[in-house]
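Remember, predicted model here, so these are calculated numbers, not experimental data. Note that these values count all heavy atoms, side chains included, but never hydrogens, waters or copies made by symmetry.
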Amino acid sequence: MGNPRTLFDKIWDSHLIETQDDGTSLIFIDRHMVHEVTSPQAFEGLRLAGRKVRHPELTLAVADHNIPTSDRSNGIVITNEESRIQVEALEKNTKDFGVPYFAMDDIRQGVVHIVGPEQGFTLPGATIVCGDSHTATHGAFGSLAFGIGTSEVEHVLATQTLLQKKSKNMEVRVEGALPPGVTAKDLILAIIGKIGTAGGTGCVIEFTGQAIMDLSMEGRMTVCNMAIEGGARGGLIAVDEKTINYVKGRPMSPKGAAWEAAIEYWKTLKSDEGAVYDETVIIKAEDLVPYVTWGTSPEDALPITAKVPSPAEARDAGKASAIERALKYMGLEAGTPLNEIEVDHVFIGSCTNGRIEDLRAAAAVAKGRKVADGMKAMVVPGSGLVKEIAEEEGLDQIFIEAGFDWREAGCSMCLAMNDDRLAPGERCASTSNRNFEGRQGRDSRTHLVSPEMAAAAAITGKLTDVRDLLKEGN
Amino acid sequence: MEKFTTLTGIAAPMPLINIDTDMIIPKLFLKTIKRSGLGVHLFDEMRYNQDGSEKPDFVLNKEPYRNAKIIIAGDNFGCGSSREHAPWAIADFGIRCVISTSFADIFHNNCFKNGILPIRLPKEDIDKLMDDASRGANATITIDLENQEIKGPDGGTIKFDVDPFRKHCLIEGLDDVGLTLQREEQIKNFEEQRAASMPWLVR
């Protein structure tokens with residue numbers, strides 16, 4: 001039947017309600033996740049217009065950005081008044097509009113993009129949105145997932161639909177296998193370094209190839225999560241057995257006959273042989289090494305074996321002045337080997353790398369070692385459930401013994417909206433997704449790395465090729 | 001939503017590439033539960049010192065750009081976070097149009113929901129406008145959305161493209177939610193068909 005279609009085409013076609021002459025389309029949204037920062041004005045809009053939430057049962061709310069990650073054994077107190085008001089607004093709005101909400105003290109609370117997959121709210125083939133650019137994460141399940149603004153949050157709450165123009169479809173094919181010590185995070189940093197932070201603008205990126213399909217679901221989520229850092233609103237990966245096994249038995253995933261019907265359909269969620277992409281980029285996995293960022297854009301990613309670049313190496317005048325500005329902001333000199341850059345903070349967590357596999361990987365490096373003198377290293381699990389599993393496995397003890405601060409779940413120092421933030425001039429090796437100016441605190445300096453590389457930096461006190469530590473053995 | 005027909009005003013040059021939404025409005029100001037009042041915090045860390053005093057070199061702290069209504073920006077403006085606080089802050093400052101070679105997708109969408117016109121132009125046109133904008137008092141340009149034209153200070157015109165549906169919504173000041181709710185029958189039909197063909201998506 002018909003022309004071969006890409007995975008993106010298939011999901012798009014199955015959610016299309018109607019298309020206007022100019023291509024503007026109304027698409028149905030299957031799942032809508034809501035957090036406290038980008039939703040208050042949307043609920044207020046509904047109130048002012050006297051509108052209801054059309055499908056509260058397809059909506060799931062959780063507070064994550066403002067949540068403190070300090071010890072919760074004596075309850076949770078948000079000391080910043082504005083943060084507290086914002087979380088209270090979410091509690092009130094979800095109650096008033098009948099939207100399911102995981103409260104702060106619920107063990108299921110966590111970063112929205114960790115919670116969705118964990119609960120089986122995220123399903124293959126679904127359209128998933130959230131007022132948060134890292135919604136791209138859910139594309140790891142073969143679902144069309146993208147971030148939206150608050151006006152669109154209101155639109156989805158009121159209508160369960162969105163007005164969209166169909167994006168272009170880029171393929172990033174990662175051929176071969178990743179070498180040992182090279183992770184999903186290194187891969188996506190390498191991809192962004194290659195295509196640039198605007199490389200995927202106007203596109204949904206489908207990640208294909210052996211190295212992608214070899215990744216665990218956690219690794220695939222890390223890759224799709226940062227599709228937005230390459231400019232793409234969504235990342236996509238075909239469904240396979242790993243996807244189905246991950247979804248199976250989760251609290252909100254389908255059961256019984258619905259499950260059987262679902263997996264029959266989900267198995268078709270891959271691009272057809274001969275399907276055409278608007279653009280294809282090929283990466284050779286075997287050439288990759290651990291990556292770090294040196295500057296203030298995720299595209300400033302380089303192998304750990306490289307040196308801080310000079311403006312003279314820039315592709316054009318715009319990039320040259322951006323490099324100059326970034327060097328000044330980051331307090332770095334061109335030509336410095338990246339593995340000589342000293343850091344005073346390490347952050348392990350976020351929707352990019354706050355899942356159980358990430359914590360296991362970091363713990364494997366930290367085990368039996370001690371963090372460097374003066375190092376402030378923190379581990380923030382992505383959800384209460386991730387924390388619980390980690391503690392069952394004894395990972396918390398490994399981190400604590402090594403000198404890491406073991407904390408409660410939340411977005412934390414990924415964007416520093418709560419109290420977890422850097423002071424001016426402090427430098428952090430971070431498993432998060434953005435190294436923008438001021439991201440982890442005013443005048444803070446961020447180097448994006450994998451969980452393994454973050455743990456290695458905590459031990460040595462500088463950006464470090466984790467493969468050297470792995471060679472030594474714990 | 002405020003209508004957008006024509007706009008005449010000072011254009012501020014911001015040649016930096018990859019201006020992200022964290023720069024446009026830092027997270028400190030995302031804790032609001034309102035849409036209004038963010039203009040004073042627009043570009044906060046670039047615009048103010050830590051003690052709250054102005055950084056004199058920042059373009060919007062200089063005359064005549066304090067009253068800018070238009071920004072001419074470097075490539076990939078608005079990348080990063082989806083925060084609609086970015087266009088809210090821009091609009092609250094009094095800027096109704098941003099012109100660049102490219103915009104990040106979410107920011108681009110968010111602009112249209114807030115009466116801001118983002119215009120994409122080729123590099124040569126941006127270079128020309130950046131030069132015009134750098135000429136201070138002579139940096140006044142006019143955006144005519146109906147005719148899709150930018151009129152520069154020296155009388156030259158630049159044509160631009162805009163999505164027809166979005167142009168219509170901006171000119172009429174239309175609210176998307178109201179428009180979509182008129183499609184009730186189509187949405188309902190879709191929901192029924194979805195419940196039958198993909199029952200596992202129903203909760």
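Using a 4.5 Å cut-off between heavy atoms, B/Asp176 touches chain A through backbone and side chain atoms alike. Only the side chain of B/Leu16 comes within less than 4.5 Å of a heavy atom of chain A; its backbone N, CA, C and O stay farther away. Only the backbone of B/Phe103 comes within less than 4.5 Å of a heavy atom of chain A; no side-chain atom from C-beta onward does. The contact between B/His85 and chain A is made entirely by side chain atoms (from C-beta outward), counting heavy-atom distances below 4.5 Å. In this structure, the portion of A/Thr24 lying under 4.5 Å from any heavy atom of chain B is its side chain and not its backbone.
Considering only heavy atoms from C-beta on, A/Thr150 stays 4.5 Å or farther from B/Lys113 through its side chain. Counting heavy atoms from C-beta outward, B/Met198 and A/Asp30 have side chains that stay 4.5 Å or more apart. Between A/Gln160 and B/Ile187, the closest side-chain pair of non-hydrogen atoms is not below 4.5 Å. Side chains of B/Glu84 and A/Thr38 form no contact here, defined as non-hydrogen atoms less than 4.5 Å apart.
Under the 30°/60° scheme for interplanar angles, the aromatic rings of B/Trp200 and A/Trp266 are found to stand perpendicular.
Considering only heavy-atom pairs separated by less than 4.5 Å from chain A, the leading option among B/Asp163, B/Asp105, B/Asn76 is B/Asp105.
Residues from residues 90-102 of chain B never place a non-hydrogen atom less than 4.5 Å from a non-hydrogen atom of chain A.
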